[in-house]
> 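Please see the structure below; I have some questions.
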Amino acid sequence: MTGRDGSDWEATNYRTHTLGEVRDAGAQMIGHEVTVAGYAEAVRGRGAICFLMLRDGTGHLQAFLKKDNMNEETFATIQGASRESTIQVTGTVAQKRPPKVAEGEPNPPAEFEINVTDGQVLAMSQTPLPVGVVDDVHVGLDTRLDNRHLDLRRQHVNAMFQLRSKVLQYGREHLISEGFMEMNSPKIIASASEGGTNLFPIKYFETDAYLSQSPQLYKQLAVLGGLERVFEIGPAFRAEKHDTYRHLNEFISFDIEGAWMNDEDVMCVQERMIHHIWSQVNANDQNLIDMINEYKESQNEEKVAVEVPSLPFPRISYCEAIDIVKAGGGEIEWGDDIESHHCDLIAAKYPGFHFLPKWPMSMKPFYIFHDENEKGNTGGQLSRGFDLNYGRDEMTSGGQREHRVEVLEQNLRNMDLDPLDFTFYTDGFRYGAPPHAGWGLGVARLLMVLTGAGNVREVVLFPRDRSRVTP
RNA sequence: GCCCCUGUAGUGUAGUGGCCUAUCAUGGAGCCCUGUCGAGGCUCCGACCCGGGUUCAAAUCCCGGCGGGGGCGCCA
């Protein structure tokens, strides 16, 4: 049986063929008996015949039911099924009667259908649907998320999550090709791993613990332990009361860390990975992009195009970025954070992917490396920390890490943190430590770019934000 | 935490103190027709977030609560 993307699926007890398979290979299957199953997208016809439009994960196919050809009761049950009910039918593949075309118009390519001889309703759908699956009415995001199980059946939404899976696949694929290995770090941690951000406290037996805000310190320990090149795709939790289109309190972070590398080295890894992802999507997944665009068109939204970015991505150092913002009329001084409205000014010049390397050390966490000889134009200490932005939005934050344990401990003290709270981490540096670097990328942010989604919640299955913990 | 906007059938909307017995689309129920194909035709169903207040009169104005959206802040 042919599955999604042409993959080979074993027949199951519920179907011998997928709908997409009959749709595509119907010409060779005419007269063959098949059993298929799917959701009832439409059930038309109330007389002696009935058209049942079925949908499964591979596509749509019409089933044609005639009272004379089957058990009367079975016919009546299927004819009376509500939209989205799951239905299994058995019948023979036939060529569909061609539609009437105007004089002189070319005949459309042959289509196929199933002449049903038997079937059953597997589960009847309740009516009315809280979210129409094929209806051309706009649905608010909140309603959609409350009914994600149905929202997900909508073609363009489904396509977004297929695309998400592809992006992760291509990203993995690329990193593995560069010698990175996949790892997992604990999500239950004993103390604030970095300070700064707010953690979710949890009860861990008789002691207090927190949900991990980042795999940062653990992936470094793995590298120090000799794994050299690691990556992790996993959840990160932030207890911040933000409420924007791009923040969530639980998100999937795509992290890497590599030994014997500096900030520039890992920026190169990242741009090669993103280039690979875009190239692969461009080559293999235009059908998913088309589904998304089909919907955008119906809503009069701007369509998305997968433009493979050229390498290398522009590098705009923090100092340069400040100059650009100032030249654009923005109010900013060296040492200030580059905020969203500042990013708009930079994005006007660099609309696509661009790195922002060499931030002031004072703005970066204690584990970021700095070279005492690298100072900003006002004399402030620079770091080897960088961001990757797409337009106004931050995708990644990364950098070379501090591998000198005495500097690490001094950095902690400089940031009012107690080195004694971090011995689980700093101990890893006491017996020789390779210089290393890495980054963390927000998967959903990347998906927003690729799908043109205006809200990060659209590309996260069950988003967790300030006011949503269900479903 | 701050500011602005907003809440009408299952869904998405129209509505600017009396023209509201509340619009339209989609949907649901049913009938007719039917090898339809975004099927079509007809009938019906279905809503003003909650609680106060102003007024002769409130979906509409005011206050509070709850929900939603946007912006800011916060944010390795």
Side-chain angles (χ1 to χ4, degrees), chain A residues 41-53 60-67 80 82-84 94-101 108 111-113 115 125-147 150-151 154 192-199 212-220 236-249 251 253 255 257 294 298-299 337-341 344 359 363-368 383 385-387 394 396-399 401 411 415 417 438-442 454-455 457 465-468:
Chain A
E41 209 162 82
V43 189
R44 300 191 193 99
R46 286 283 176 265
I49 60 171
C50 168
F51 303 99
L52 170 66
M53 183 55 84
H60 305 77
L61 196 73
Q62 177 169 288
F64 177 64
L65 288 77
K66 209 169 185 170
K67 211 178 208 164
S82 45
R83 298 199 302 167
E84 294 304 311
Q95 184 163 342
K96 214 165 145 182
R97 301 216 178 155
K100 297 171 196 106
V101 290
E111 289 188 70
F112 305 93
E113 65 178 6
N115 281 143
S125 167
Q126 223 171 285
T127 58
L129 299 169
V131 171
V133 174
V134 291
D135 301 348
D136 222 358
V137 271
H138 180 260
V139 187
L141 187 55
D142 201 51
T143 306
R144 290 176 49 200
L145 292 177
D146 281 339
N147 299 280
L150 270 179
D151 182 50
R154 305 204 295 163
S193 47
E194 298 171 32
T197 191
N198 297 316
L199 306 183
S212 167
Q213 64 184 269
S214 155
Q216 182 58 39
L217 305 184
Y218 290 95
K219 64 182 180 170
Q220 285 188 257
F237 306 90
R238 307 276 166 92
E240 286 144 13
K241 293 186 174 175
H242 35 46
D243 211 352
T244 78
Y245 66 88
R246 60 186 186 278
H247 288 97
L248 289 175
N249 296 293
F251 63 95
S253 179
D255 274 82
E257 202 69 30
E294 196 181 305
S298 79
Q299 300 296 310
D337 196 6
I338 300 176
E339 290 163 6
S340 291
H341 57 283
D344 288 331
W359 286 62
M363 303 176 62
K364 285 290 161 186
F366 73 92
Y367 54 77
I368 292 289
S383 76
F386 67 85
D387 281 358
E394 182 183 331
T396 297
S397 142
R401 320 306 188 184
N411 286 349
M415 291 175 191
L417 294 166
W439 40 255
L441 164 71
N455 193 309
R457 291 160 182 79
D465 64 29
R466 196 172 176 173
S467 55
R468 181 181 286 282

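Convention: sequence-line order gives letters A, B, ...; per-chain numbering from 1.
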> Nearest whole angstrom, please: distance from the C1' of B:rC74 to the CG of A:Leu199.
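From A:Leu199 CG to B:rC74 C1': 14 Å.
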
> To the nearest 0.5 Å, how far apart are CE in A:Met53 and CG in A:Leu61?
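The CG atom of A:Leu61 is 7.5 Å from CE of A:Met53, to the nearest 0.5 Å.
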
> Please check the phosphate of B:rG69 (OP1 and OP2 only) for any side-chain N or O of A:Asn455 closer than 4.0 Å.
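For A:Asn455, the contact criterion (side-chain N or O under 4.0 Å from OP1 or OP2 of B:rG69) is not met.
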
> Is A:Glu394 paired with A:Arg246 through a side-chain N to carboxylate O contact shorter than 4.0 Å?
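Result for this pair is no, no salt bridge flagged.
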
> Find the distance A:Asn198:CG to B:rA76:P and express it as a whole number of Å.
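After rounding, the gap between these two atoms is 9 Å.
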
> If we call it a pair only when both distances are under 3.5 Å in a Watson-Crick or G-U wobble match, what pairs with B:rC61?
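By the stated definition (distances under 3.5 Å), B:rG53 pairs with B:rC61.
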
> Tell me if the side-chain of A:His242 makes a donor-acceptor pair with the base of B:rC74, cut-off 3.5 Å, by modelled atom types.
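In this structure, the two groups form no donor-acceptor pair.
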
> Contact class for A:Val131 (heavy atom, under 4.0 Å): base, sugar-phosphate, or nothing?
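A:Val131: no heavy atom of the nucleic acid under 4.0 Å.
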
> Taking 4.0 Å as the cut-off, does a side-chain nitrogen or oxygen of A:Thr143 come that near to OP1 or OP2 on B:rG12?
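So the side-chain polar atoms of A:Thr143 do come within 4.0 Å of the phosphate oxygens OP1 or OP2 of B:rG12, strictly under.
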
> State, to 0.1 Å, how close A:Lys241 and A:Arg466 come at their nearest heavy-atom pair, and which atoms those are.
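For A:Lys241 versus A:Arg466, the nearest heavy atoms are O-NH1, 2.8 Å.
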
> Tell me whether A:Gln126 at atom CD has more than 12 heavy atoms from other residues, nucleotides or ligands lying less than 6.0 Å away.
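No.
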
> Identify which nucleotide among B:rG68, B:rG10, B:rG73 has an atom closest to any side-chain atom of A:Asp142, counting heavy atoms from C-beta outward.
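Closest nucleotide among those given: B:rG68.
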
> Measuring from the side chain of A:Asp135 (C-beta onward, heavy atoms only), which nucleotide among B:rG71, B:rA76, B:rG27 has the closest atom?
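Nucleotide nearest to A:Asp135's side chain: B:rG27.
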
> So A:Asp243, base contact, sugar-phosphate only, or nothing? Heavy-atom distance under 4.0 Å.
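It contacts base atoms.
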
> Using a cut-off of under 3.5 Å, enumerate the N/O to N/O pairs linking the protein to nucleotides 29-35 of chain B.
| residue | atom | partner | partner atom | Å |
| --- | --- | --- | --- | --- |
| B:rU34 | O4 | A:Gly47 | N | 2.5 |
| B:rG35 | N1 | A:Glu113 | OE2 | 2.9 |
| B:rG35 | N2 | A:Glu113 | OE1 | 2.5 |
| B:rG35 | N2 | A:Glu113 | OE2 | 2.3 |

> Which heavy atom in A:Ser298 sits nearest to a heavy atom in A:Asp136, and how many Å separate them?
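Shortest heavy-atom separation between A:Ser298 and A:Asp136 comes out as OG-OD1, 3.6 Å.
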
> Between the side chains of A:Arg457 and A:Asp142, is the shortest nitrogen-to-carboxylate-oxygen separation below 4.0 Å, so that they form an ion pair?
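No.
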
> Please report, rounded to the nearest Å, how far the C1' atom of B:rG69 is from the CG atom of A:Leu145.
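Going from CG in A:Leu145 over to C1' in B:rG69 covers 13 Å.
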
> So, is A:Arg466 near the phosphate of B:rC74, with a side-chain N or O under 4.0 Å from OP1 or OP2?
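No, A:Arg466 has no side-chain N/O under 4.0 Å of OP1/OP2 on B:rC74.
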
> Could you pick out which residue, A:Gly132 or A:Gly454, lies toward the 5' side of RNA chain B when each is mapped onto its nearest nucleotide?
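Result of the comparison: A:Gly132.
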
> Please report the distance separating the C1' of B:rU36 from the corresponding atom of B:rU60, rounded so that it comes out in whole Å.
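Here B:rU36 and B:rU60 have their C1' atoms 46 Å from each other.
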
> For A:Gly385, which contact category applies under a 4.0 Å heavy-atom criterion: base, sugar-phosphate, or nothing?
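Counting heavy atoms under 4.0 Å across all strands, no contact is made by A:Gly385.
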
> Could you check whether any side-chain N or O of A:Ser82 sits under 3.5 Å from a backbone N or O of A:Ser125, counting only pairs where one atom can act as donor and the other as acceptor?
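At least one qualifying donor-acceptor pair exists.
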
> If you find the nucleotide of RNA chain B closest to A:Asp255 and the one closest to A:Pro98, which residue's nucleotide is nearer the 5' end?
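In this pair, the answer is A:Pro98.
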
